[in-house]
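A short write-up of the structure that comes next.
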Amino acid sequence: MSTVDLEAATTPAVATGQDRAVLRRFLRNPLAVIASLVFLTIVLSAVFAPWLAPYGANFTKLALVTAPPGEEFLLGGDGAGRDVLSRLIYAGQLTLAGSFLTVLVAAGLGVSTGLVAGYFGGWFDRFGGWMANFLIVLPGTIVLVAMFTLIGPNIIITMVVLGVLIAPNFFRLVRNLVISVRNELYVDAARVSGLSDGRIISRHILSVVRAPIIIMAASVWGIAIVVQAGLEFIGLGDPTTPTWGSMLLDAYNNIYIGRHLLLPPGLMIGLTVGALILIGNGLRDALNGEEAIIVAPRQRVKDAARAEAAVPSVPEALLEVQGLSVGYAGRDGSTKTVVRSVGFTIARGEILGLVGESGSGKTQTALSVLRLLPEGGMVTGGGIWLEGQNLAGLSDAQMQAIRGKRIGYIPQEPMSNLDPLFRIGSQLCEPLQVVGGLSRQEARGRALALLERVGIADPHRVFMSYPHQISGGMAQRVLIAGALSCDPDLLIADEPTTALDVTVQAEILDLIRDLQAERNLGVLMVTHNFGVVADLCDRVAVMRGGEIVELGAVNDIFARPQHEYTRTLLASTLEDAPVRPPLVPRPPRRQNAGAET
Amino acid sequence: MSIIATTNLLEVDDLTVHYGKFQALKGVSVTLAPGETLGLVGESGSGKSTLGRAVLGLAEVSSGSIRYLGQEISRLDRAGRRALSREIQVVFQDPYTSLNAMLSVGDILVEPLLVQGVNGAKARERVQELLDQVRLPSDAATRLPREFSGGQRQRIAIARALAINPQLIVCDEPVSALDLSTQARVIDLFIEIQERTGVAYLFISHDLAVVRAISHRVAVMSGGKIVEQGPADQVTSAPKDDYTRRLLMAAPVPDPIAQAERRRARLAQAGKVPA
Amino acid sequence: MDHGRSGNLKGRWMTGYVIQRFASAMLLLLAITAVAYGLIYSGGAEVSRSILGELATDEQVAAKNVELGLDQPLPIQYGNWLANAVRGDLGRSWFSAERVSDAIASRLGVTLSIVSVAILICTVISVALGAFAAVRRGWWDRAVQIVSVIGEALPNFWVGLLLVATFAISLRLFPATGFVPLNRSPLGWLSSITLPVTALVIGGVASAAAQVRGALIDVLSRDYIRTLRARGLPENRVILRHALRNAAPAAITVLSLQFIGMIGGAVMIEKVFALPGMGTLAIDATVRGDIPVIMGVLITMALIVVVVNLFVDLANAWINPKARLA
């Protein structure tokens, strides 16, 4: 154990491409770079204060008492006749060093205990958690004020105590990160590979917690500077050494006669803390990868409306999609197309399967019919007609009237698609009342009837339940009930059975088939599963890379696939793969004698 | 360590595992011969993954035994477990979280070698061999996992499992996160590696078709118990157990005519009149 | 009937939850006072001498020690103090002989006035601003982010100093210092707290608005929001009824931390505006070494913090059925 741990300690942390990529992204963020330069300048000027400051920190001159800024003394003089500029530069020393001490104590204490608590759990974790809760609810400033009675004007000890008070933030951050990493499969894999705890921590865990620690350290440094300044300001500081806080106290004492004293120390604090916040933000953005694309929702509407307004070729179809293209706005203003000239029709009472592998654009196609593409996505061309009405020409309010009433939607993940804070009943009644215009009583009766219709044995109990109290299969039935609540003509089902067990899947497919027949619904069925297509669909469109490669009746496509890609996909299904020949008995290999010999 | 005269690589006997008060495994017994694939199939909560984790030493055993080459391994200390890591390896389901995104592919593959004391040039050579075995380009070692597709990442995970020539690999849903065409290719790779190296697989999946394609024998699990066990062909095409039959009938086949037939049979069996 | 049964069940669980949270809050309070007492009084040997002055004889010091109960072992001292504190008796100041509870009662109103009004305004502004930024994105979003960095970087007591210099000293719009109780003159009260509240609100909004924005953006990207939209619900309803409610626990936590921070920060703000609040009391007591007063201030602050946290727990349980029913 000890030898391996030693080895782990001496193995340098692997500098990987990931680190370099984060640094590169950080350096591309102008705000973060400027903030870093500003902060570096402030630190360096404090370090080299004796060479930079025009006068000593305690140089006094009677004529300089509350003197306004002038040529010789650029920022004027303070209440005791000292040069403000020189003191400002010198004050950086104790301010920055003292607050950095807080960061060191808080991070040292919090990170080490957080690592142990998160990785090993047990009594240490419970005790640490309790201590953290205890420290975090203390009103910090008051504690520090009270501490003054015990320790007197000693800024170093005060900053250490502040570090202890702040340490729980690091403890919680590190502990929670470590617990989430500890449950990652790659840590399980490392354990199966025989890695020691020391090595797992140094290789897998430190690399994950390092950056968040640095980000938090930046923000804690800023907080420490402000708290320290506050304590100095109320007179609990060390009067012999200048800090920005004690300069503010001097400004306060001379507020009627020397108002010029107010700005320099305050701005210095603001500049330093602001730089630290921006450095932390920049690091976080760099870590999260490319900055999220920000597109105002309005733009989507505009782009959809711009799509060429053609006429539907099959006016009697329930839904017609023609030449549909969907794109996502890139950072540099370019558009990444994910759906290209897709076209199909769905008749009333018909089920069309949209089948393809991940990234084929099938879900994007389905969501653009509802005009519910994720942020950044937009329809860049083509038209969508619902019974001859061009949806692209509709305003947001008009489109909203279509959703629910004309088009119902069944999502993929049952549990994440119910609002966790509302009872099932309330979630079902809401659209019935708001969209369907039913009274409270009518809505309740209708919702209970729907729950019964989708095969829920005890509708009253489910009606009163919260989402976390029901199973995934039942949640999917509730979502189907929700999709049908306002009697739509068209149902869009996005992989409605993918998250379910196979026996539950069969029941849900039966339910969709029955409801479809009963209400003569048109259905757009998005799936990756050819079994589901064979079970349910009348026609099927096969998608690849954002395009439909083949479209036809289900029986034709399964019997005589025309396109090469369809043939490959059908050949990949395992249902009729050959069974393996029986095992030829063989003796076990002797146990590995160990690789070191 | 003595080798007991036995033809079995792994023997799990009357195994019970608890998560708190919940009993995840209720007396499970299976065996695995050298070079054999045992498919474990079941729905969520059936206990199939728990069995795999117990064999790997990642789940605490309440009672019963797990023997590897006749030697009891269910209650090993860390040192014993580390020694066993040369023998038993793992491939997990999710190719996105089973590889540390911060490490290069080379670093990931070198990890099990370092534990066994293989270093430097020898380790690098082995990494190249492994990449070659799973058909990845040789420059893959210097790249990060996120530069690879799901199927390629699962190949990296397989290479990691193969690095120190284990005799048993526990495969926990290794193809369920993959696309159809990728799935078939990865299964072919598993079979090819087994035929070449003689490694045995404990292959866990919820998908009867996947298990059928790769297994010599299949065990069906439900509610923490094994409900049926036997040759792959028999269990997956003519099951004796009621639950297995329901499982088989519930999976839709990718053929509209055959599926209509299966659906009719399933509904008739459940006592419902087909629509 | 079914209806009623689950209603009762909810009621029972909620009561159990309240009792549990309350018990843990009391335990925390006990721990805080014990630690504080231990720390502060462990250095108490010199107290009698500092009260009596350098010229006091050893006998006088010993007598004073007995009078103050300082000759007894620390746990017994704490036990006595606690027994009295539970009855509302926090002792007398060593220097002014004023009852500590009276001193606190006369100061607490000042601090709570400015902090409560500030947190109310801060809640309204930061929820509105955060929601606007999250929903509109683009230009609004940028503005909120920039404002939050600036607001967080500037110490609120310095902002207070600038307000005094500008609005009180230069423009003479508000009194520079002092406090007028609400029951004496509502208008005078309002004018005396306007500047301190403004200073607290600026800093509070800066960090709270950004966090409300973040929580709301996170909620708006959830699957169930898309499903609600797909049911044809109006966008306003989706945001006001569902998204805001789901973001509320995060917002409540942030605002409660702001409140606690403001209570502590009131020490500086009270100095800037020369307000006779808890902070001023604490500073005066600290400088003099008036330990019973310091203990009294500390336990009052701890009580406030514990009550706020209890309120946060209950509010979260009220909003989130999972926390309540787990």
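Numbers restart at 1 for each chain; the letters A, B, ... are given by sequence-line order, proteins then strands. These numbers were taken from a predicted model, which means no experiment stands behind them. Heavy-atom basis, side chains included; hydrogens, waters and symmetry copies ignored.
Looking at Arg226(C), the atoms closer than 4.5 Å to chain A (heavy atoms on both sides) sit in the backbone and in the side chain alike. Only the side chain of Val35(C) comes within contact range of chain A, judged by heavy atoms closer than 4.5 Å. The contact between Val434(A) and chain C is made entirely by side chain atoms (from C-beta outward), counting heavy-atom distances below 4.5 Å. Using a 4.5 Å cut-off between heavy atoms, Phe422(A) touches chain C through its side chain atoms alone. For Ile169(C), the part lying near chain A is the side chain, with the backbone staying farther off; criterion is any non-hydrogen pair under 4.5 Å. Residue Glu270(C): no heavy atom, backbone or side chain, is found under 4.5 Å from chain A. With a threshold of 4.5 angstrom between heavy atoms, Leu257(C) does not approach chain A through any atom at all. When heavy atoms are compared at a cutoff of 4.5 Å, Asn309(C) approaches chain A solely by way of its side chain, counted from C-beta outward. Within the 4.5 angstrom heavy-atom criterion, no atom of Ala401(A) approaches chain C. Looking at Pro431(A), the atoms closer than 4.5 Å to chain C (heavy atoms on both sides) sit in the backbone and in the side chain alike. Residue Val272(C) touches chain A through both its backbone and its side chain, counting heavy-atom pairs closer than 4.5 Å.
Classification of Glu430(A) and Arg231(C) as a salt-bridged pair fails, no side-chain N sitting under 4.0 Å from a carboxylate O.
Your options are Arg241(C), Arg245(C), Arg229(C), and the one with the most heavy-atom pairs under 4.5 Å with chain A is Arg241(C). Comparing Met295(C), Met278(C), Met268(C), Lys271(C) by heavy-atom pairs within less than 4.5 Å of chain A, the highest count is held by Lys271(C). Each of Ile277(A), Leu479(A), Leu421(A) has some count of heavy-atom pairs under 4.5 Å with chain C, and the biggest count is that of Leu421(A). For the set Ile255(A), Ile223(A), Ile407(A), Asn133(A), the count of heavy-atom pairs under 4.5 angstrom toward chain C peaks at Ile255(A). For the set Ala229(A), Cys486(A), Pro420(A), the count of heavy-atom pairs under 4.5 angstrom toward chain C peaks at Pro420(A).
Here the straight-line distance linking atom CD1 of Ile283(C) with atom CD1 of Ile234(A) works out to 4.0 Å at 0.5 Å rounding. Taken to the nearest 0.5 Å, the CD1 atom of Ile410(A) stands 10.5 Å off from the OG1 atom of Thr227(C).
Within the 4.5 Å cutoff, no side-chain heavy atoms of Val145(A) are placed close to those of Val297(C).
Phe157(C) and Phe233(A) have parallel rings, their planes meeting at less than 30° on a 0 to 90° scale where 60° marks the start of perpendicular.
Across all non-hydrogen atoms, the minimal contact from Gly274(A) to Val149(C) is O-CG1, 4.3 Å. Closest approach of Ala146(A) and Ile294(C) over heavy atoms only: CB-CG2, 3.5 Å.
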